[in-house]
Chemist: 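Structure below; questions to follow.
In what follows, every chain begins at residue 1, and chains take the letters A, B, ... in the order their sequences are listed. Computed over heavy atoms, backbone and side chain alike; hydrogens, waters and symmetry mates excluded.
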Number of protein chains: 2
Amino acid sequence: MTREAKRDDALLQFVEKLALGLANMGWQRMAARVFAALMVTDSGRLTAGELAELLSVSPAAISGAVRYLEPLGLIARERVPGDRRDSYRVVDDMWYASFLKQDRMLKLWVDTASEGIDVLGASTPAGKRLAEMRDFFEFFAEELPLLFERWHARRLKAQYADGVD
Amino acid sequence: MTREAKRDDALLQFVEKLALGLANMGWQRMAARVFAALMVTDSGRLTAGELAELLSVSPAAISGAVRYLEPLGLIARERVPGDRRDSYRVVDDMWYASFLKQDRMLKLWVDTASEGIDVLGASTPAGKRLAEMRDFFEFFAEELPLLFERWHARRLKAQYADGVD
DNA sequence: TATTATCTTCACAAAGTTGTGAAATCAGTG
DNA sequence: CACTGATTTCACAACTTTGTGAAGATAATA
């Protein structure tokens, strides 16, 4: 096996490892594989055909996967004018997207807990338990944006130090 | 339908709603239902038999669910001396448990990203992308415990204000 | 407007997951 | 130590999810 083949092999193996982790987090399996493939591609951009080839799946599977990833803001679809093929790339600030998703989720939990309090009664022990759940998620929904801002600031500083523009 | 029956009905419906949300987060379905049932029970404690009855499932299903929840620290198994039945209750500080789980997960992501950097080379564009992923998760792994401490402090204060001991 | 490359949709088959019933195991009690 | 109620294990069936192939839609060229 050539040096290049070996690297490709290790690379594909890593794609699967990354994808498996994402799948365990609740992502659709194919979406996880597509995202992982884009992550490990230097240009960060692949066409639907290239993705199908790389992952040994049908174009239909790619189609389904990108339909899941795009609305989440984790990948972007792009089309070079004069090219018939769509291509996909990982979004630059994808961690921001994943954070936004978290945020929406936390707010949903706050609503669910509130609904439960209505059913159970705020003064019952179970109602109080749900109120604590609601407060917990409310707290995180408030704090997470601040935390993310700090991450962003740190990142900008690191890039400046590295001389990246 | 009596007043009580109506409340029970609304309660069971809420159990399913809560459970569905947890299931969408990646929990096993039955584990989510068991946890939800314990959450809405005033005493916060039910026997395996009561859970099976309440959720209309076999004891075997309960067995499987608690085997998932207990190691996560979300519920505790208890046995009143002189009783043959196990009972389960939601853990007092369950949000702490869920946070700890998050923390372990973040560290796993840091490891996965590092492995990817080894495969791709730290100086390649894809390697740099993974380094950013690693840094992101490392940042959160550091910050989350601090955030949780603040939540805990706020909670203690609220309990003091309420006169809860 | 016809042609062709590309992508999407949909019915279905393969694979995976989940809960059941029955048998086995475990732990109190007489 | 046998009895009995409770829980667990395991093979299997029901149900879900996932990816495929083929047909249909879309968009760039001629």
Side-chain angles (χ1 to χ4, degrees), chain A residues 12 15-38 45-72 74-89, chain B residues 12 15-38 41 43 45-72 74-89:
Chain A
L12 281 180
V15 165
E16 295 305 328
K17 174 156 191 173
L18 186 52
L20 192 64
L22 293 167
N24 286 338
M25 268 181 77
W27 290 37
Q28 293 181 191
R29 203 178 345 155
M30 190 56 73
R33 296 182 72 209
V34 165
F35 183 77
L38 290 171
R45 150 188 269 137
L46 291 168
T47 67
E50 287 166 341
L51 282 165
E53 158 82 28
L54 186 68
L55 301 173
S56 312
V57 293
S58 71
I62 302 297
S63 175
V66 298
R67 203 175 48 231
Y68 172 87
L69 292 169
E70 209 190 352
L72 292 179
L74 291 167
I75 66 170
R77 179 193 308 246
E78 294 184 336
R79 192 158 219 167
V80 180
D83 193 339
R84 289 183 188 183
R85 294 164 307 172
D86 287 341
S87 67
Y88 300 93
R89 66 173 179 74
Chain B
L12 281 179
V15 165
E16 294 307 327
K17 174 155 190 174
L18 186 53
L20 191 64
L22 293 167
N24 286 338
M25 268 181 76
W27 290 37
Q28 293 180 190
R29 200 173 352 150
M30 190 57 73
R33 297 182 73 210
V34 164
F35 183 77
L38 290 171
T41 301
S43 67
R45 150 191 267 138
L46 291 168
T47 66
E50 288 166 340
L51 282 165
E53 160 81 25
L54 186 68
L55 300 173
S56 313
V57 293
S58 72
I62 302 297
S63 175
V66 298
R67 204 175 48 231
Y68 172 88
L69 292 169
E70 210 191 351
L72 293 179
L74 291 167
I75 66 170
R77 179 191 310 244
E78 294 183 337
R79 193 157 218 169
V80 180
D83 192 338
R84 289 183 187 181
R85 295 165 307 174
D86 287 343
S87 66
Y88 302 93
R89 64 173 181 76

Chemist: When you list every nucleotide of DNA chain D with an atom under 4.0 Å from a heavy atom of chain B, which one comes first 5' to 3', and which comes last?
Modeler: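 Footprint of chain B along DNA chain D, 5' to 3': D/dT4 to D/dT9.
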Chemist: Tell me whether B/R85 at atom CZ has more than 12 heavy atoms from other residues, nucleotides or ligands lying less than 6.0 Å away.
Modeler: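 No, not enclosed.
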Chemist: What does B/R33 touch in the nucleic acid at a heavy-atom separation under 4.0 angstrom: a base, only the sugar-phosphate, or nothing?
Modeler: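 If one applies the 4.0 Å heavy-atom cut-off, B/R33 turns out to touch nothing in the nucleic acid.
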Chemist: Could you check B/W27 against A/R77 and say which one's nearest nucleotide on DNA chain C is further toward the 5' end?
Modeler: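 Nearer the 5' end of the strand: A/R77.
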Chemist: Determine all donor-acceptor pairs shorter than 3.5 Å in which one atom belongs to a side chain in residues 56-63 of chain A; sequence neighbours excluded.
Modeler:
from	atom 1	to	atom 2	distance (Å)
A/S58	OG	A/A60	N	3.4
A/S58	OG	A/A61	N	3.3

Chemist: What is the per-nucleotide protein-contact pattern of nucleotides 1-6 of chain C, from the 5' end, where B denotes a base atom under 4.0 Å from a protein heavy atom, S denotes such proximity for sugar-phosphate atoms only, and - denotes neither?
Modeler: ---BBS
Chemist: Once rounded to the nearest 0.5 Å, what's the spacing between atom CZ of A/R67 and atom CZ of A/R77?
Modeler: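 The CZ atom of A/R67 sits 10.0 Å away from the CZ atom of A/R77.
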Chemist: Report the distance from atom CZ of A/R79 to atom CG of A/D86, rounding to the nearest 0.5 Å.
Modeler: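 CG of A/D86 is found 4.5 Å from CZ of A/R79.
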Chemist: Look up atom CZ in B/R29 and atom CD in B/E16, then write down how far apart they are to the nearest 0.5 Å.
Modeler: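 Between B/R29 CZ and B/E16 CD, I get 10.0 Å after rounding to 0.5 Å.
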Chemist: Can you check the A/R67 CZ to C/dT9 C1' distance for me, whole Å?
Modeler: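 It is 8 Å, rounded to the nearest whole Å.
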Chemist: Would you kindly give the CG-to-C1' distance between B/L51 and C/dG19, to the nearest whole Å?
Modeler: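 Rounded to the whole Å, the gap is 15 Å.
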Chemist: How far apart are the closest heavy atoms of A/F35 and A/L74, and which atoms are they?
Modeler: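 A/F35 and A/L74 have their closest heavy atoms at CE1-O, 3.8 Å.
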Chemist: Quick one: are B/V34 and B/L46 in side-chain contact, heavy atoms under 4.5 Å?
Modeler: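 When only atoms from C-beta onward are counted, B/L46 and B/V34 do not touch, as no gap falls below 4.5 Å.
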Chemist: Just how far is it from atom OG1 of B/T47 to atom CZ of B/R84, taken to the nearest 0.5 Å?
Modeler: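 Rounded to the nearest 0.5 Å, the OG1-CZ separation comes to 14.5 Å.
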